[in-house]
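Quick caveat: nothing in here was measured; it's all calculated off a predicted structure. Per chain, numbering begins at 1; letters A, B, ... match sequence-line order.
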Amino acid sequence: MYDPTTLEEKWQAFWAANRTNEPDLDAAASPYYNLMMFPYPSAEGLHVGNLYAFTGADFHARFQRLRGKDVFEPIGFDAFGIHSENYALKVNAHPMDLIPKSIANFTRQLGRSGIMYDWSHTVDTTDPDYYRWTQWIFLQLYDAGLAVKKEAPVNWCPSCKTVLANEQVEGGKCERCGTEVGQRLLSQWFFRITEYTERLLANLDWIDWSPSTLTAQRNWIGRSEGALLRFLLAGDRDETLEVFTTRPDTVFGATFMVLAPEHPLVEELTTADRRSEVEAYRSTAAAIDLVERRKTDERTKTGVFTGGYAVNPATGEDIPVWIADYVLMEYGTGAIMAVPGHDQRDFEFARQFGLEIRPVVAPAAVVEAAGDTTSVELDFRDEAFVEHSEDECLINSGQFSGLPAAEGAARIVAWLGQRGLGEPKVNYRLHDWCISRQRYWGPPIPILYCDACGTVPVPEEDLPVVLPYLEQFKPGDDGIAPLAKDESFYLTTCPSCGGEARRETDVSDTFMDSSWYFLRYPSTDFDDRPLDPTRTHRWLPVDMYIGGEEHAVLHLLYSRFITMALHDLGHVPFEEPYVRFRKHGLIIREGAKMSKTKGNVVNPDEYIDRYGADTFRTYLMFLGPYQEGGDFRDSGIVGPQRFLSRVSDAVEAAIDQGATGFPDPAVERAVHLTISQATRDFENLSFNTAIAALMELLNKLRAGGRVPTLDEARPLVIMLGPIAPHLAEELWQTLGGEPSLFEHAEWPTFDPAKLATDTVEIPVQVNGKLRATISLERGATEETASATALADEGVQRHIGDASVRKTVYVPDRLLNLVVG
RNA sequence: GCGAAAGUGGCGGAAUCGGUAGACGCGCCAGCCUUAGGAGCUGGUGGCCCGAGGGCCGUGGGGGUUCGAGUCCCCCCUUUCGCACCA
């Protein structure tokens, strides 16, 4: 009788007492670091989505363990951040009181889930013993010139009352609360991740990650090649307008320019008669609901003329300068040269305001037909001509007319470069990482400001800068951080001159906490150093990282950057933190997304109470392909429940009967086939098919009320280990194995010779349609196969009077007779 | 709009190299066991036709390559997820 509750309590107690899940971090012979993305400990408790992710990672870890690896599988808590802080505000509590309770609850829930965590090496980002080293990392980057303070327009969420990183803005709205994000100018700390852009990009070519995650990172970095061109302001003024373009070949067609409304040169350019209109547009542009316009496909262009002109560096003509909100300040230089003939957005803008459209690129065939490059007629009915392959050439472009577009681009940039008006340029979407947060719930940034000495880093020996327990931690709407209201925190003395100094009162971004937690796990027992060199060398980089694709660009990019920077500073011997990364899918419920408002969230506790952790794990991994996610249907969980119960019954029956060996060759073959199949499936994280393979084997072992022998049952029990570890331990012990299964059992191997049969059933097709199956000796010749097939009544009937024109024979696979 | 992935029974999903489509599970049907079953066990289960031997159709739609296509190529439709006026 299978009774999960007692069984699971028994084995969880055994694992804890025997430290089964704690590898010897100093002596392990084959270290394998299996990492999963640590959770944010929400007050609502563990979400089944977390458990889905962790369970798959644990299947992998236990599989590696049974294959002889010393697997280190740690867990921790990403407990700082806006999410916790907002929740505390909502329930009128203090995060410093709430978080320990949430962590305790998570620990309880994870403890009964059957996951092989090493609880002796955990991390809590809000623990001063941890964030001391987060601050230490800031200091390392500061000393290296990679942490800089700059005044910058930043995304400001009026509801959360904080600055947001670009990554935290989704479609112009705050990713947390959905409020529309505005802009503010503040002095902020930035990490210069853009110094690492090319390396972050280049390494994507060799790290072993899920392809979609690699693509997401490439797109996020957003490399594009082009040129920086300079347009002098008309009227002999000193300033130039710089633009980035990917199409320098079209510069002769630039008939106007467009600046982002907040571009700093707008003031300078605007003429007196245009001032009121420009001012009006600038103030409304910020308020216009860009988000709504982006959602609808309606892309009506708006903008106003500044009254100012700039000089097209190629033609020497004065062209009007406009402002419009379709040009974004945060990309490129915040200004563009508009080429309405060859850019769809500029085309629409020109149409809207009646500006000149001048063709400068045309298909080579059209040019040839026209005879020369000045009399080409292009018809701009409703779209710009954007092609520029080798089949297009320049027209109306002075001495460059007639050149292929690509060649023309290079020649034009070189030509402008001679006059200092242009140069090749690679532009990136990626910006420096703003880590300042005017919030409370994060590690204080370890910097002091002294009137005499200026900006002074907190000496390493003074770390951690402890976050005080602030009664009033609610952020103000003035952009001033909560810590700035606590004199006892910010008033201090300068370590350099001993004079009065003031602490930085911003805290750092949560993504900084999570950018290095995996580096810390192996070294948590050292409190005098962040990373023990020997431990780090033995365990890192991470062998397998499993996590959600929602972190494809944020966490995964920042942690790669931090690791690279620490590598350059000599603190870690590798520059990529994760050798392998695999994304897992998302789990939905009865075809719909899980959400609190729908009330369809799965609470793991209820299911574990009712079915046990083993059944719950098995079901989670069985309901669909792990890397794609799946649909959690309550009706489906009884399948895995029956399966585990039947395995238990089968082993009990085997013991009662006491037979050994492999008396039935067909069953022996099935055992070997299953080992082969399940091994491959586990290697590929195809847990759903691995479970199916074991179910199939069980069906064969029990076919027609059969009782398996002990030797037939044993491999099944071992392979059940990663899936249902408690039950597998119990059955292993019942079969006479010494516990723990994970220390004393070995993953079974299969004998390829045992997979083959003497005879094979192969399909016979006539003209590609299945007509019969025949039994042949393995490796039979085509003659034998044809003869056997032609002797078959059903085959004969389909051939009739026709003759066999062609025979396709794939030995041991198929025979196809082509007649006609 | 751009990018990525995916469309297979009543449902969740299988199908290494182009070679017997629907493994495994849920549900359903029949039988057994039971005082009883929302328990357990055994067997069956893509659709349509049938003279009971089989036949035809079938992996979103339409073309194509091939002896043979869920799988490869072209066009189209739908869904999901990213990004979203990126110059």
Response to the item:
Here the distance between atom C1' of B:rG12 and atom CG of A:L620, to the nearest Å, is 14 Å

Discussion item. Given B:rC26, B:rC83, B:rU16, identify the nucleotide with an atom nearest to the side chain of A:R680.
Written reply: B:rU16

Discussion item. Between A:Y626 and A:Y52 (judged by ring centroids, cut-off 6.0 Å), do the two rings come close enough to count as a pair?
Written reply: yes

Worksheet item: So does A:N699 get a side-chain nitrogen or oxygen closer than 4.0 Å to the phosphate oxygens (OP1/OP2) of B:rG25?
Response: yes

Practice prompt. Report yes if a side-chain nitrogen or oxygen of A:R813 is closer than 4.0 Å to either non-bridging phosphate oxygen (OP1 or OP2) of B:rC67; otherwise report no.
Written response: no

Discussion item. Considering every strand and a 4.0 Å limit on heavy-atom distances, what is the contact class for A:N688: base, sugar-phosphate, or nothing?
Written reply: sugar-phosphate

Item to complete: Scan A:R706 against the nucleic acid and name what it touches under 4.0 Å (heavy atoms): base, sugar-phosphate only, or nothing.
Response: nothing

Worksheet item: Which word best sums up how the rings of A:H342 and A:F385 line up, parallel for under 30°, tilted for 30 to 60°, or perpendicular for over 60°?
Response: perpendicular

Worksheet entry | Between B:rA87 (P) and A:L229 (CG): distance, integer Å | 14 Å

Worksheet item: Is the phosphate of B:rA4, meaning OP1 or OP2, less than 4.0 Å from a side-chain N or O of A:K583?
Response: no

Discussion item. Return the pairing partner of B:rG40 with a 3.5 Å limit on both distances, Watson-Crick or G-U wobble; otherwise return none.
Written reply: B:rC32

Worksheet item: For A:K769 and B:rG55, is the shortest distance between a side-chain N/O and OP1 or OP2 below 4.0 Å?
Response: no

Worksheet item: Which class fits the ring pair A:F581 and A:W209: parallel under 30°, tilted 30 to 60°, perpendicular over 60°?
Response: tilted

Worksheet item: Side-chain N or O of A:H798 less than 4.0 angstrom from OP1 or OP2 on B:rG54?
Response: no

Worksheet item: B:rU71 and B:rC17: how far apart are their C1' atoms, nearest whole angstrom?
Response: 11 Å

Discussion item. Please verify the inter-ring angle class for A:Y607 with A:F632; under 30° counts as parallel, over 60° as perpendicular, anything in between as tilted.
Written reply: perpendicular

Worksheet item: Across all strands, who's sitting opposite B:rA14 as a Watson-Crick or G-U wobble pair, both distances under 3.5 Å?
Response: none

Discussion item. Tell me which one of A:Q352, A:R351, A:Q344 satisfies side-chain hydrogen bond (donor to acceptor under 3.5 Å, both in side chains) with A:E348.
Written reply: A:Q344

Fill in: Interatomic distance at C1', B:rU16 relative to B:rG7, whole Å
22 Å

Worksheet item: For B:rC26, does OP1 or OP2 lie under 4.0 Å from any side-chain N or O of A:R642?
Response: yes

Discussion item. Would you say A:R633 places a side-chain N or O within less than 4.0 Å of OP1 or OP2 belonging to B:rG25?
Written reply: no

Worksheet item: Would B:rG9 be called syn or anti, given that syn covers angles within 90° of 0?
Response: syn

Worksheet item: Among B:rG3, B:rG27, B:rC85, which is the nearest nucleotide to the side chain of A:V638?
Response: B:rG27

Fill in: Nearest listed nucleotide, side chain of A:S635, among B:rC26, B:rA84, B:rA15
B:rC26

Practice prompt. Considering just the side-chain nitrogens and oxygens of A:R771, establish if one lies under 4.0 Å of OP1 or OP2 belonging to B:rG55.
Written response: yes

